[in-house]
Protein chains: 2
Amino acid sequence: MEDEPAIADLVRLYLTRDGFGVHLERDGEAGLNAARRLRPVACVLDIALPGLPGTEICRRLREAGDWTPVIFLTARDDEVDRIVGLELGADDYVTKPFSPRELVARVRAVLRRSAGGPEGADRQRVVGPVTLDPARRTVTAAGSPVQLTSTEFDLLAHLMARPGRVFTREELLAGVWGYAAHAGTRTVDVHVAQVRAKLGPASVIRTHRGVGYAVDA
Amino acid sequence: MEDEPAIADLVRLYLTRDGFGVHLERDGEAGLNAARRLRPVACVLDIALPGLPGTEICRRLREAGDWTPVIFLTARDDEVDRIVGLELGADDYVTKPFSPRELVARVRAVLRRSAGGPEGADRQRVVGPVTLDPARRTVTAAGSPVQLTSTEFDLLAHLMARPGRVFTREELLAGVWGYAAHAGTRTVDVHVAQVRAKLGPASVIRTHRGVGYAVDA
DNA sequence: GGTGTGTGTTCGAGTTCGGTAAAGCCGGGC
DNA sequence: GCCCGGCTTTACCGAACTCGAACACACACC
């Protein structure tokens with residue numbers, strides 16, 4: 001649940017990309033009803049929502065014996081103490097501005113915890129001669145290891161998460177850099193070039209003129 | 001055992017939901033008696049309790065040869081409580097504010113551990129020239145023994161539990177220190193430096209700039 | 001071939017990040 | 001009490017990285 005459309009869309013995009021089904025509500029009351037009706041595996045709630053504040057939604061769910069994991073989005077650090085656990089029974093929180101990646105990671109962590117299971121294996125991704133391991137943050141091209149910087153790695157990981165899918169520069173900026181990024185879109189080009197150079201002849205990133213970038217499916 | 005009703009109820013609800021039978025006491029003396037009478041599989045103790053502090057309950061149980069797993073609830077940032085608790089033979093602790101789910105996870109983990117569970121936690125770990133023995137809490141580098149402090153050992157053990165896997169500072173703070181906090185401190189860096197210095201040229205800890213640390217796979 | 005839009009590449013200033021030394025803090029032992 | 005060892009915090013500096021401007025190049029359309 002989230003009232004700012006831009007953020008909401010981004011969050012949805014990310015969670016969807018990671019295999020979660022996402023239902024979105026912009027209003028507190030509607031959100032509470034949806035949570036009750038749909039019985040989701042987890043809720044992501046903005047603290048400030050029109051209609052009914054997120055905290056209140058959480059409280060009511062708990063009151064009704066609903067222990068669906070809840071993750072809060074909050075703009076302020078000082079709200080945090082109140083949120084987690086004690087009064088409300090929330091499971092985690094993320095402060096704005098946040099990277100969508102971080103949110104996804106926390107959703108996963110919360111689900112893992114509530115499932116009590118061992119760590120879910122971040123799966124290795126392979127495209128042509130290039131392999132990428134998210135947990136180890138390693139990349140190999142044609143068998144040899146490749147040293148990428150943090151941003152370069154995230155960029156490649158993002159592209160390789162959905163081989164064949166074309167990402168616009170804006171999407172990449174939002175996804176890799178975070179929605180609060182102030183970088184210009186040409187920054188993406190520069191980093192793509194850098195990754196290509198490091199991958200050498202094995203480069204799998206293809207330009208879609210006038211649109212963006214993708215890795216070969 | 002917990003004196004604040006709101007927190008106590010929350011904890012009970014969560015544990016119950018996860019299939020644990022829960023007996024609740026609000027007072028230290030009563031708690032100690034209950035623990036002796038009921039012989040629970042585990043105790044969750046608030047440090048601050050009316051009547052008898054949680055630390056004292058733990059101490060007395062241990063004194064009487066009772067090694068029931070104990071998990072402490074401590075006030076935030078209260079380093080004193082943490083140390084005392086662990087020295088008294090506690091098995092784990094959770095700092096307020098905590099996520100109820102986290103508490104449940106820790107209870108499960110403690111039980112798993114005390115059951116001598118399937119965790120390969122006690123197996124010796126070898127990475128390059130470095131070996132680490134969790135049971136003996138010893139480390140050798142290139143054949144010679146290395147003296148590590150308790151924190152340093154835990155840190156290295158944590159990293160070596162999954163060679164190659166990159167841990168963020170936040171993950172390490174949570175896993176090694178038990179802080180549920182969202183980082184913002186250099187503590188991890190300093191300890192990493194310390195471990196590196198002691199391991200000498202055999203140092204296997206690699207920095208992943210902008211991410212965290214890992215040991216070479 | 002000319003032109004214009006979009007992309008590749010280079011490069012340096014500015015910033016961020018991590019290593020390190022040193023000081024503060026706290027508890028335990030003497 | 002005092003000192004001592006270990007943990008945490010702070011401050012500084014060098015190294016690594018980022019980002020955007022500037023220019024070169026490629027492609028598409030005329």
Side-chain angles (χ1 to χ4, degrees), chain A residues 97 99 137 146-156 158-159 166-170 172-174 176-178 180-201 203-214, chain B residues 47 55 74-88 93 95 137 139 146-156 158-159 166-170 172-179 181 183-201 203-214:
Chain A
S99 122
R137 295 188 67 86
V146 176
Q147 281 298 82
L148 297 183
T149 69
S150 185
T151 305
E152 288 158 10
F153 181 90
D154 288 342
L155 174 60
L156 183 59
H158 194 96
L159 290 168
V166 180
F167 293 88
T168 66
R169 291 175 174 74
E170 282 78 13
L172 291 170
L173 269 180
V176 177
W177 279 259
H182 50 278
T185 55
R186 291 306 310 277
T187 298
V188 177
D189 299 33
V190 174
H191 280 87
V192 166
Q194 200 62 23
V195 173
R196 280 175 170 157
K198 290 189 178 179
L199 290 182
S203 185
V204 289
I205 303 179
R206 179 165 304 170
T207 306
H208 288 251
R209 193 181 170 80
V211 188
Y213 299 98
Chain B
I47 292 275
T55 48
T74 88
R76 194 152 99 112
D77 290 337
D78 204 331
E79 198 56 24
V80 179
D81 288 350
R82 173 173 105 96
I83 293 166
V84 170
L86 290 176
E87 290 206 349
L88 283 168
Y93 58 90
T95 54
R137 294 187 68 83
V139 174
V146 175
Q147 276 303 88
L148 295 183
T149 68
S150 161
T151 304
E152 288 158 12
F153 180 88
D154 290 342
L155 173 60
L156 184 58
H158 198 90
L159 290 169
V166 179
F167 294 88
T168 65
R169 290 174 175 76
E170 207 172 311
L172 291 171
L173 277 176
V176 177
W177 279 262
Y179 296 170
T185 171
R186 302 290 309 277
T187 302
V188 176
D189 302 52
V190 174
H191 279 86
V192 165
Q194 200 63 20
V195 173
R196 279 176 172 156
K198 291 190 178 178
L199 290 182
S203 186
V204 289
I205 304 180
R206 210 178 3 161
T207 305
H208 287 249
R209 184 170 238 271
V211 188
Y213 298 97

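Please read all numbers here as calculations on a predicted model, not as lab measurements.
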Student: Between V188(B) and K198(B), just flag the one whose closest nucleotide in DNA chain D comes earlier from the 5' side.
Tutor: K198(B)
Student: Rounded to the nearest angstrom, tell me the gap between atom CD1 in I205(B) and atom C1' in dG19(C).
Tutor: 13 Å
Student: Going from NE2 on H191(B) to CG on D154(B), what distance comes out if it is rounded to the nearest 0.5 angstrom?
Tutor: 10.0 Å
Student: Mind checking the OH-NE2 spacing from Y213(A) to H208(A)? Nearest 0.5 Å is all I need.
Tutor: 11.0 Å
Student: To the nearest Å, how far apart are R186(B) CZ and dT20(C) C1'?
Tutor: 9 Å
Student: Please test L172(B) against L159(B) for side chain to side chain contact (heavy atoms under 4.5 Å, CB included), starting from the C-alpha separation and ending with a verdict.
Tutor: CA-CA 8 Å; L172(B) 291 171; L159(B) 290 169; 4.0 Å; yes
Student: To the nearest Å, give me how far apart CH2 (W177(A)) and P (dT16(C)) are.
Tutor: 16 Å
Student: Can you measure E152(A) atom CD to dC17(D) atom P for me and round it to whole angstrom units?
Tutor: 8 Å
Student: Does dG6(D) have OP1 or OP2 under 4.0 Å away from a side-chain N or O of S150(B)?
Tutor: no
Student: With respect to the phosphate group of dT18(D), does any side-chain polar atom (N or O) of T151(A) fall under 4.0 Å of OP1 or OP2?
Tutor: yes
Student: Please determine whether a side-chain nitrogen or oxygen atom of R169(B) lies at a distance below 4.0 Å from atom OP1 or OP2 of dG18(C).
Tutor: yes
Student: I need the CG-P distance between L172(B) and dT8(D), as an integer number of Å.
Tutor: 13 Å
Student: Look at T207(A) and dG8(C) and indicate whether a side-chain polar atom (N or O) is within less than 4.0 Å of OP1 or OP2.
Tutor: yes
Student: Rounded to the Å, how far apart are L148(A) CG and dT18(D) P?
Tutor: 10 Å
Student: State which of dG8(C), dC7(D), dA15(D) makes the closest approach to the side chain of R196(A).
Tutor: dG8(C)
Student: If you look at every strand shown and take non-hydrogen atoms under 4.0 Å, does V190(B) touch a base, only sugar-phosphate, or nothing?
Tutor: base
Student: Return no unless some side-chain N or O of Y213(B) is found under 4.0 Å from OP1 or OP2 of dG19(C).
Tutor: yes
Student: Please evaluate residues R196(B) and T207(B) with respect to the criterion side chain to side chain contact (heavy atoms under 4.5 Å, CB included), reporting the C-alpha separation (whole Å), side-chain torsions for both, the decisive distance (0.1 Å), and the verdict.
Tutor: CA-CA 11 Å; R196(B) 279 176 172 156; T207(B) 305; 2.7 Å; yes
Student: Go through it in stages, so that I can follow the logic: the residues are W177(B) and T187(B), the test is side chain to side chain contact (heavy atoms under 4.5 Å, CB included), and I'd like the CA-CA distance, side-chain angles, deciding distance and then a yes or no.
Tutor: CA-CA 10 Å; W177(B) 279 262; T187(B) 302; 3.9 Å; yes
Student: I need the NE2-P distance between H208(A) and dG8(C), as an integer number of Å.
Tutor: 12 Å
Student: Take the protein atom NE2 of H191(A) and the nucleotide atom P of dC17(D), then report the distance between them rounded to whole Å.
Tutor: 10 Å
Student: With a non-hydrogen cut-off below 4.0 angstrom, is T187(B) in contact with a base, only sugar-phosphate, or nothing?
Tutor: base
